[in-house]
Amino acid sequence: MKLTRRAVIAASSTLVAPWVVTSSKAQKVEFSVKFGSNLPATHPLNTQAVALAAKLKTESKGRIDLQVFPFNQLGNDTDMLSQLRSGALDFMTLSPLILGTLVPAAQINGVGFAFKDYNQVWSAMDGDLGAHVRQQIAATGSIFAFDKIWDNGYRHVTNSVRPIIVPDDLKGLKLRTPPGPMWVSMFKALEASPTPLNFAEVYSALQTKVVEGQENPLAIVSTAKLNEVQKYCSMTGHMWDGYWFMGNKKLFDRFPADLQALMTKLVAEFALLQRAEVRKLNDSLQADLKVKGMLFNDVQIDAFRTKLRASGFYADWHKKFGDEAWSQLEKYTGKLS
Ligand code: X2X
């Protein structure tokens, strides 16, 4: 590899030795960057992030090296979010509802029983509602979200005590929720006893019975092996949750335009692959988890909606989000309150 003067100057501004040869063609890494997530390596969020990293490397001719750190290796969600803001972490995926601690508007997709199906979810999140949220994220000045949100799925309640069929079954249940205001508000309204904890602590909190239950899509129950410490799975589908693929703004501003465009294109491309894979898993894992001993039941969804409505849950959140955002949500879901 012949080093031109320009290449040396460009290379001297990077963190890694630029003359490290990563393939037979002489290539130099210009951006060695870290991506962190809270999920096990086997979840499609991470397998697709690894595939994204590989394609980023090929298509950038080795200029971007995205290293994937799954399962809270870099810290729990709360830690990673503050690292992302300070620039100690370059990219991460995070639930919009946890991001709600910083960007309240981001929580809107988590309104209980709002999206009836995935058509509504993707129309809203790839449409005006998602755009509104990304704008609010960008308004932090320190972080931004790429266009196409990645999937987590519809969340269901699991626990070690009893099947949840009607809202009364949740009464007093010690339920772990992620650290986000919407979850606590919703499960208080349903009269459970919500305890916010980062995902990094969930398995052991369930195992030691610090909490009795939790709520997550089946792909997470399965890849994080929560079925080992939970008996009942009640198909509440109480909210849809996703993962904004986010970056540190200062770092991304340092990418030349061609690399910005490449990464933006590939994050969206892999979002679609990730969505398809997560959906297939969430739709098919019941049988597998049953064989492993979990007991599944359907729930009386209408009774949950009625209870939430009577508690003032919808009216409260309507007020918090404001008329404009709420009507943007209802444009996709139909009237909620
Ligand atoms: O913390 C959770 O439960 C998880 C993994 O679903 C989120 O990222 C919100």
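This one's a predicted model, so the numbers in the text were calculated from it and none came from an experiment. The basis for the numbers below is simple: all heavy atoms, side chains too, and nothing from hydrogens, waters or symmetry mates. For ligands, and for the atoms within them, numbers begin at 1 and follow the listed sequence.
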Have [X] and [Y] got a donor and an acceptor in their side chains that come within less than 3.5 Å?
| X | Y | result |
| --- | --- | --- |
| Thr158 | Gln214 | yes |
| Asn248 | Asp90 | no |
| Tyr243 | Gln274 | no |
| Glu215 | His156 | no |

Counting only heavy atoms, which portion of [X] has something under 4.0 Å from ligand 1: side chain, backbone, both, or neither?
| X | answer |
| --- | --- |
| Asn152 | side chain |
| Glu201 | neither |
| Asp241 | side chain |

Does NZ or CZ of Arg275 lie under 6.0 Å from the centre of the six-membered ring of Trp122, at an angle within 45° of the ring axis? yes

Look at atom 8 (O) of ligand 1 and find which of Asn38, Ile220, Ile98 reaches it with the closest heavy atom.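 Answer by nearest heavy atom: Asn38.
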
Counting heavy atoms only, which of Val221, Asn216, Leu39 comes nearest to atom 4 (C) of ligand 1?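 Minimum heavy-atom distance to atom 4 (C) of ligand 1 goes to Asn216.
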
Parallel, tilted or perpendicular: which describes the rings of [X] and [Y], with under 30° parallel and over 60° perpendicular?
| X | Y | result |
| --- | --- | --- |
| Phe321 | Trp326 | parallel |
| Phe146 | Phe144 | perpendicular |
| Phe245 | Trp150 | tilted |

Starting from atom 3 (O) of ligand 1, what is the nearest protein heavy atom, named by residue and atom, and what distance separates them?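 Of every protein heavy atom, Arg176 NH1, 2.7 Å lies nearest to atom 3 (O) of ligand 1.
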
Can you tell me which residue and heavy atom of the protein come closest to atom 5 (C) of ligand 1, and the distance to 0.1 Å?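 Protein heavy atom with the smallest distance to atom 5 (C) of ligand 1: Tyr243 OH, 3.3 Å.
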
Give yes if a backbone or side-chain nitrogen or oxygen of Ser95 is under 3.5 Å from a nitrogen or oxygen of ligand 1, and no if not. no

Mark up the atoms of ligand 1 that fall under 4.0 Å of a heavy atom belonging to Trp183, in ascending order.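 With Trp183 as reference, the close atoms of ligand 1 come out as 9 (C).
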
For Phe199, the ligand 1 atoms whose distance to one of its heavy atoms is below 4.0 Å: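 The atoms of ligand 1 under 4.0 Å from a heavy atom of Phe199 are 1 (O), 2 (C), 3 (O), 5 (C).
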
Say whether Arg155 and ligand 1 are in contact under the criterion: heavy-atom distance to a ligand atom below 4.0 Å. yes

